[in-house]
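All values below were derived from every heavy atom in this structure, side-chain atoms included, with hydrogens, water molecules and symmetry-related copies excluded.
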Amino acid sequence: MDDYAAIKVQGPPVELERVPLVANQRGIGWLSDRIAGVVEGETPAWWKVCFAISVTMMTVCFAMILYLMSTGVGVWGLGHPVMWGWAIVNFVWWIGIGHAGTLISAILFLLRQRWRTSINRAAEAMTIFAVMCAGIFPLIHIGRIWFGWWLFPIPNSNSIWPQFRSPLMWDVFAVSTYFTVSVLFWYMGLIPDLAVMRDRAKTKIRKFGYGLFALGWRGSNRHWSHYEKAYLILAGLSTPLVLSVHSIVSLDFSVSQLPGWHTTIFPPYFVAGAVYSGFGMVLTLLVPLRRMLHLEEIIRVRHVELMCKVTLATGSIVGYAYAMEFFIAWYSGNPYERFQFFQTRAADPFIIGPLLHIRPAPYWWAFWTMVTCNVVVPQFFWFKKVRTCMLFVFVLSILVNVGMWFERFVIVDISLHREFIPSNWNYYSPTWVDICQYLGTFGLFFTFFLLFIRFIPLIAIAEVKGVTPQADPHHPLGGAKIGGEH
Amino acid sequence: MKTIPPNCPEPESGPKYWRSLDQLAETPEFRQWVEKEFPPGASEFTDPVSRRNFVKIMSASFLLAGLGSTGCRRPVEHIYPFAKMPENYVHGVPQYFATAMPSRRTALPLVVKSSDGRPTKIEGNPDLPGSNGGTDHLAQASLLSLYDPDRAMRCTRNGSGVSKKEALDYLSSLSKTQGAGAGLAFLLEQNGSPSRARLQQAIAAKFPAARWHVYEPVDLDLGRAAASLAYNSPVEPYYKLDQAQVIVSLDCDFIGSEENAYANIKDFAKGRALSGKDDPMNRLYAVESLFTLTGLNADHRLRVPPSMVVAVLARLAQNVLGSTEMDSKLNELAAPAQAHDKWITECAKDLKANAGKSLVLAGYRLPLAAHLLVMAINEALGAVGHTVEFHQVSSPKEGTLAELAAALNGGQVQTLVILGGNPAYNAPVDLNWPQAQTKAKTVIRLGYYQDETSWSESWVVRSKGVAPTQWDLPLAHYLESWGDGRTADGTMVPIQPLIEPLFGGITELEVLALIGGFTPNSPYEIVRETFRALGSQISLGSNVAFTAEPDKNGGGTFSYKWKPNSNAGDSENNWRKFLHDGFLAGSAESAATVQHDAAELKRALGELKAAPPPGKESLEIVFYRDAKMDDGRNNNNGWLQELPDPITKLTWDNAVLMSPATAKELGVFYDRNVQNQKFFNYQVEVTLNGRTIKGPIWIQPGMADHTVGLALGYGREKTGRVGTGTGFDAYKLRSSDNLYYASGATVKDTGDKSYELATTQSHWSMEGRPVVREANLEQYRKNPKFAQQMKPEDPPLIAPLYPNPLDTTKAKAMHQWGMSIDLNRCVGCSACMIACQSENNIPIVGKEMVGKSREMHWIRLDRYYASPAGAAQDKRMEDPQAVVQPMLCQHCESAPCESVCPVNATSHDDEGLNVMTYNRCVGTRYCSNNCPYKVRRFNFFDYNRHPLTHEFLYRSPLVAETDGEWELMRWLKNPDKGNLPEDQWQLSKLVKNPDVSVRMRGVMEKCTLCLQRIEQAKIAAKVKARDSDHIRLSEKEGTVPKTACQQACPAEAIVFGDISDPESSVSKAKEQERTYKVLEFLLTKPRLTYLARVRNPNQEMPDYKEHSLPYTTDEFEKGAFNEGEGAEEPAEKGAQ
């Protein structure tokens, strides 16, 4: 060790120095130990508690589905004219959350954003579980769940084909493709790490399990070469999907002629909103996790800060879209559009309503919750102090998701409850089944997520190593050196 | 494949070889040999004349001769399942029979569809002179009552079942034990049946001392009583509204709750119909305290408290009659109406200007003197003979319920026979009827339900063990009975059964005949004999005497008046024609020559007193006949319970109606306490003369101030599964001296807001949107195309990216279906809603589901209130105008619902129908979201298979048991069967139309324009066409079917037909200038168009300033649409 102590590292000037992505100049071996240690170590008590709660809630989710299937959609709060309620709101919300993972892993990969490596694995897992939660709702919200397979183009003796003009059909393809590619992409990236886990495994079961899924990875140059190419291809494939899936989901609404749904800006607006909520969810998950799993050196404050910036950017796009919706409603001169935005959404009983002499809208509180959470909340991220205060970020990230849930509620239900013919107008409120169903999907999500952090390295070991100075042979700390393992 | 061998020609000569035994058997030699071989007689079958044949023919002749000599075959009265298929009967092809539904004093002629022996749909009889085949919602819904599982199903004696034979024997025994009939009392409902009158007369002859009493809780027959007094002869008024140019209604809801409303609507709508801008149009003035359908259709409406209606009438009388000797009295009576003087004067001017073409109507709630005064006015206006004529009627001298109660309490009644009615529920509360009824020794009660008047345990307790022996007999439904009746104009109509009594029901005629000890006593024979007697004056044996001569003195107890009719009589042909046609041609009454006599009017006026105006501490109550429950008789009918009230749109309940101003004054004005379509309003206590009832409040815009409206017929203590728990009982406040109006009531807020009211429409304002388009007559004449101009700017028409396939296919299709609804003719009576429900197997969903806005009606009637745009906020609900609009699937040519269905469950056919494939529907409900009219209905639960309560609808079969069996297992065994009780399940299947599928849960449904009727018509046309290609349905040939709603509509507002036929009436209707499409700017291209409404206000009226534009037009033009300043809404859905 002494042989190398004399080597002086000539770094860039201090003001140009980048904050290292891994703190404390941790070595490659340390990274393996630390990340694999999360999986290999003792099961923490908090994990057990959280897991018990999650499994209970997941049971509620399935119980609600059984109740719904056996009894009828009537157990939800739907009625004329609001035929889509919480189920569709939750679907769009979960799908939106499922955006960040693939965005981080694919788009940031293509854009050479090296900071993505510490968070992409967890974000992708989050994506997959979120899409699973999302996928439940369109299936169970239909009246005859047992015929749900009719939405797939399966050749049958009646020669009845699905109707490809319907955006719901597009949804079926968009979501299932997105899910498939996301799973593949996630699993691809996992292979080298699974091999690490296999090599480190001490029990036969672990050895077998990890070994099975590591697909015989040996880390040879040829493997790595193939792996890198495949990863790049999948990243390229996933990138348009990130944009397409939520664009398609938004078409469910914009293809219809309902004021408040029939809006051409929906596709970009939904994608921005989805990224916004996805990053919000990543923050919600990783901010506490990095602390509880002692990963502060790998998921650094700088990572959190960068994510906050993405949140701020996409949140501002969302805010701009809201403004545009109002502007166009006014500018178009279409009285039904105007009514939808001014009378049905914005008119509150305190300021706007009295100012414009409009009766308060029945759901004004939902609209203003949405605006507060999606337009006002992200503005805090302009401030570095906010971005670096983990508690603050955590609270704001939750508000981001509350806001995005309300955004979907505003779009789906507020638009529906007062549309063209006033005799139809009605108020919509959920039932306990709606609420339990929604909470139940959290159970499903967290059950899977907890299992994920317990059994799979939640940070891409190989990739993080790749962005450390040690991985660069030309870096003074890089190359194969004695002691490089620490 | 089998190879067919080539023909092998027979050799011309040489020996004949037979190829098979069959060939051999065909040879003449062989046949001859066979005949010889067989025993003697075998050959005689081929012999044309032989002994055997002779005997055979002779024996058959003797048999037929025997039949002939004993007369005709007895008509089969029993209906059994077929052992052999009857001739001309095709399984699955419905048959139609003429019959009639008895109402109070008249009958509604019907044609009833019978599917495999069970009645499944009721239609009006279009063959009657002057009839258009329209019906009302009560007739439509009466079908469901037939299959009511809560009907009285057995004869009981003091609550325990006895055999029907025992009960009938007991009735027969009465005829022998009554002597002269002292102590025998009959309590009847009103009925116009000639047969019943004949039996009554015969019984009265046999038991001269028997008492006869008639009770109707809502007596719509006051006009007859008044006319008989005013003209000193037994006559009843018959209004010819189609002849009237100016109509003034004084608290007379002739469109809604008066007798024969369907006929009134037909005539009124005729006067409203506009085919072009130069057509005349009638004008309706309404003076009323409630907001009724008549008020809704009025051109000028004056809302006054009930006590003031008489004042308005008195002022009107002064104006019309000029100065008479009654002047001072009229002055006194008219004093309170001073404030409306100008209104009344101008109204009277209009009446006088149209003398001979004007008509004043008085409602059943007004006192007799008011009716007499109205008759004097009509007389002065020259209306008699033009817009009103008088028909001779019988005027039986029957006692009242109060007299009967007095007789019971006085111990003068030993045997009480109650036929129909439900006095224990609906008798005036001061009579204490339940107590009085126990004073008889024996009570015989014929009732449709086991209700309040039926025997109950509590009577024994109440009468300390000396309760009478009570026989309860099940009444047969009119579709199970033989009977007869008379329509509004006196035409005689038969009531013939469509089905054997389901539960052994007995008819009223049968009971009367048995008590009278007459033979024959079968209802069929009774009706047949009545018919026979109508042909001439004949005696029907010693028991049943009958005179067909009009009763000259009018004073006899039961003299039945009927002019002899040559179409009736003994002839079997006449009788068959009568039954086949459903009416007796030429039996309509003609106008009687009458002489007005004012003496009775003067006497009656003298007794009237001007009432003090009501106030906050002394409110006036109006007890009114409910639009659906009537007086409570329809309480267990689910279709009617779920039918929204035409004005309030309330279902399953009545409410304490009051005006917004009164509610504010009393501090019970509710606001923003609404969830979905549930309303949680204040419950108030209404106190009158020390009696109190409690009910939820309902703010009714346009009601008179300081007036409380209470609908009768709810809050039954003992009723079936459907009616239990609906509404509150307003009869509890009603006493003999204030049957319809009462003053001095107080209302106290209980602060309780827990009671839920369910309505089908919670938003009251049209928000200035051009959904219903209106103009006044003069504006319409100036600008006939006004309706097409009332719309937001159309989007630019650009060629669509994907051409609509219908545009190419419709050129090839044989028909193009379309519909036109004339909003000027539609009065909002709701008959179409029930007709649709009955035709299309639409389930009811129960109050809770209506509260969640899940009602299933395919056609609904939207009702909007409108006020002048400039009106002050608190004045907006005071005097609103209201409009109704039938809303159903618009069958858009480019339907938004179709393109969003992922499974192709809703699609377009070549003939322009938007069709729904229930089997394919998975229930994404996207189509409903994308439907701008929101006319699609979703089956949230299996409404056909569960009792409609929260407990049953919301319980999962995974954890529930029915009849001790795990529901899932039950379902696996028989997936069709839900957890309905067996009786309900079996009966609910019978009412279903076999031509329409019953939808399961999770499926979307909507109006199909009665596709099944179109298909049936097409099949019939194809069968008829045989090899020709004349299969196109044509209106001229009468092969185009009517939709159920169209057929039921008495106003002829709905026109359906082939729009590719330029001669069809729907094409003609669509060509009218008033035609418009709702939301046409969306370019959905609806096939259903509306004809805009036209109001006809009088420019001289003081309220014309506000009426110079219809309020809805005013709202639209003033841009309330953009500003969102519609009518103030207590019912606004801003809930938290």
Side-chain angles (χ1 to χ4, degrees), chain A residues 66-67 70-75 77-81 83-84 141-145 147-148 150-151 160-163 165-169 172 252 255-258 261 333-336 338-339 342-343 347 357-362 365 416-429, chain B residues 674-677 761-763 765-767 769 771 792-793 849 852-854 862-864 887 896 899-904 920-926 928-930 932-934 938-942 953-958 1001-1004 1078-1079 1082 1121-1125 1132-1136:
Chain A
L66 271 181
Y67 178 46
S70 62
T71 314
V73 194
V75 297
L78 304 170
H80 235 61
M83 285 289 184
W84 282 355
H141 97 285
I142 63 174
R144 302 201 289 176
I145 298 161
F147 290 136
W150 286 355
L151 266 74
I160 303 175
W161 213 235
Q163 221 240 91
R165 285 189 297 166
S166 169
L168 289 186
M169 274 315 296
V172 168
D252 283 353
V255 160
S256 82
Q257 39 64 47
L258 191 75
W261 283 19
N334 183 329
Y336 295 95
R338 284 189 187 176
F339 190 91
F342 293 94
Q343 267 93 320
H357 302 288
I358 302 175
R359 297 191 296 271
W365 50 273
L416 274 173
H417 92 293
R418 285 175 140 200
E419 27 71 83
F420 294 105
I421 309 266
S423 76
N424 298 318
W425 293 2
N426 231 321
Y427 195 80
Y428 162 78
S429 38
Chain B
V674 191
Q675 289 275 333
N676 289 8
Q677 284 174 1
Q761 187 182 346
S762 51
H763 201 82
S765 161
M766 214 149 64
E767 299 289 339
R769 300 180 173 190
V771 180
E793 214 172 315
M849 290 292 111
K852 284 186 172 290
S853 181
R854 292 171 181 173
D862 291 344
R863 182 267 300 114
Y864 300 103
M887 183 54 76
S899 60
V900 297
C901 173
V903 290
N904 263 327
R920 182 66 182 166
C921 178
V922 298
T924 65
R925 306 185 294 287
Y926 197 174
S928 172
N929 288 343
N930 208 24
Y933 311 95
K934 293 283 178 289
F938 186 68
N939 288 275
F940 281 95
F941 291 112
D942 257 331
L953 286 177
Y954 279 87
R955 78 183 196 188
S956 167
L958 299 177
R1001 82 165 148 95
V1003 172
M1004 191 61 83
V1078 176
L1079 301 178
L1082 290 174
F1121 191 8
N1122 293 329
E1123 288 152 25
E1125 294 203 5
E1132 176 59 58
K1133 309 155 297 309
Q1136 277 140 59

Carefully, step by step, assess H141(A) and T924(B) under the rule side chain to side chain contact (heavy atoms under 4.5 Å, CB included). CA-CA 7 Å; H141(A) 97 285; T924(B) 65; 4.2 Å; yes
Checking side chain to side chain contact (heavy atoms under 4.5 Å, CB included) for the pair I421(A)/Y864(B): CA distance, chi angles, key distance, verdict? CA-CA 11 Å; I421(A) 309 266; Y864(B) 300 103; 3.2 Å; yes
Suppose we screen for side chain to side chain contact (heavy atoms under 4.5 Å, CB included). Which residues come up paired with V1003(B), at least two apart in sequence or across chains?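 Residues passing side chain to side chain contact (heavy atoms under 4.5 Å, CB included) with V1003(B): R144(A), Y918(B), C921(B), N939(B), R999(B), M1000(B).
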Going by side chain to side chain contact (heavy atoms under 4.5 Å, CB included), name the residues that satisfy it together with P896(B), two or more places apart in sequence or in a different chain.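 Side chain to side chain contact (heavy atoms under 4.5 Å, CB included) list for P896(B), sorted by chain: Q257(A), C892(B), N930(B), P932(B), T1084(B).
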Would you call [X] and [Y] a side-chain contact if the rule is heavy atoms closer than 4.5 Å?
| X | Y | value |
| --- | --- | --- |
| S928(B) | H80(A) | yes |
| S70(A) | P957(B) | yes |
| Y926(B) | P167(A) | yes |

Which heavy atom of [X] sits nearest to which heavy atom of [Y], and what is that distance?
| X | Y | answer |
| --- | --- | --- |
| P81(A) | N929(B) | O-OD1, 3.9 Å |
| W150(A) | V922(B) | CE3-CG1, 3.5 Å |
| Q163(A) | N904(B) | CG-OD1, 2.8 Å |
| D862(B) | S423(A) | OD2-OG, 2.7 Å |
| M766(B) | P422(A) | O-CG, 3.5 Å |
| V900(B) | S166(A) | O-OG, 2.6 Å |

Is there a side chain to side chain contact (heavy atoms under 4.5 Å, CB included) between F940(B) and M83(A) once you walk through the steps? CA-CA 10 Å; F940(B) 281 95; M83(A) 285 289 184; 3.7 Å; yes
Quick test of your reading of the model: are E767(B) and R359(A) salt-bridged, counting only N-O distances below 4.0 Å?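 Looking at E767(B) and R359(A), the cut-off is met.
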Interface moiety of R920(B) toward chain A, non-hydrogen atoms closer than 4.5 Å: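 Contact with chain A involves both backbone and side-chain atoms of R920(B).
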How many angstroms lie between atom CG of N426(A) and atom NZ of K852(B), to the nearest 0.5 angstrom?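 Here the interatomic distance stands at 11.0 Å.
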Measuring from atom CZ of R854(B) to atom CG of L78(A), what distance do you get when rounded to the nearest 0.5 angstrom?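 That separation rounds to 6.5 Å.
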L1079(B)/Y336(A) under side chain to side chain contact (heavy atoms under 4.5 Å, CB included): CA gap, chis, key distance, verdict: CA-CA 11 Å; L1079(B) 301 178; Y336(A) 295 95; 3.5 Å; yes
Side chain, backbone, both or neither: which part of L66(A) has a heavy atom under 4.5 Å from chain B?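 Contact with chain B is through both the backbone and side chain of L66(A).
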W161(A) versus chain B, heavy atoms under 4.5 Å apart: side chain, backbone, both or neither?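 Contact with chain B is through the backbone of W161(A) alone.
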Winner by heavy-atom pair count (cut-off under 4.5 Å) against chain B, out of L258(A), V255(A), I160(A):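 Top count of heavy-atom pairs under 4.5 Å with chain B: I160(A).
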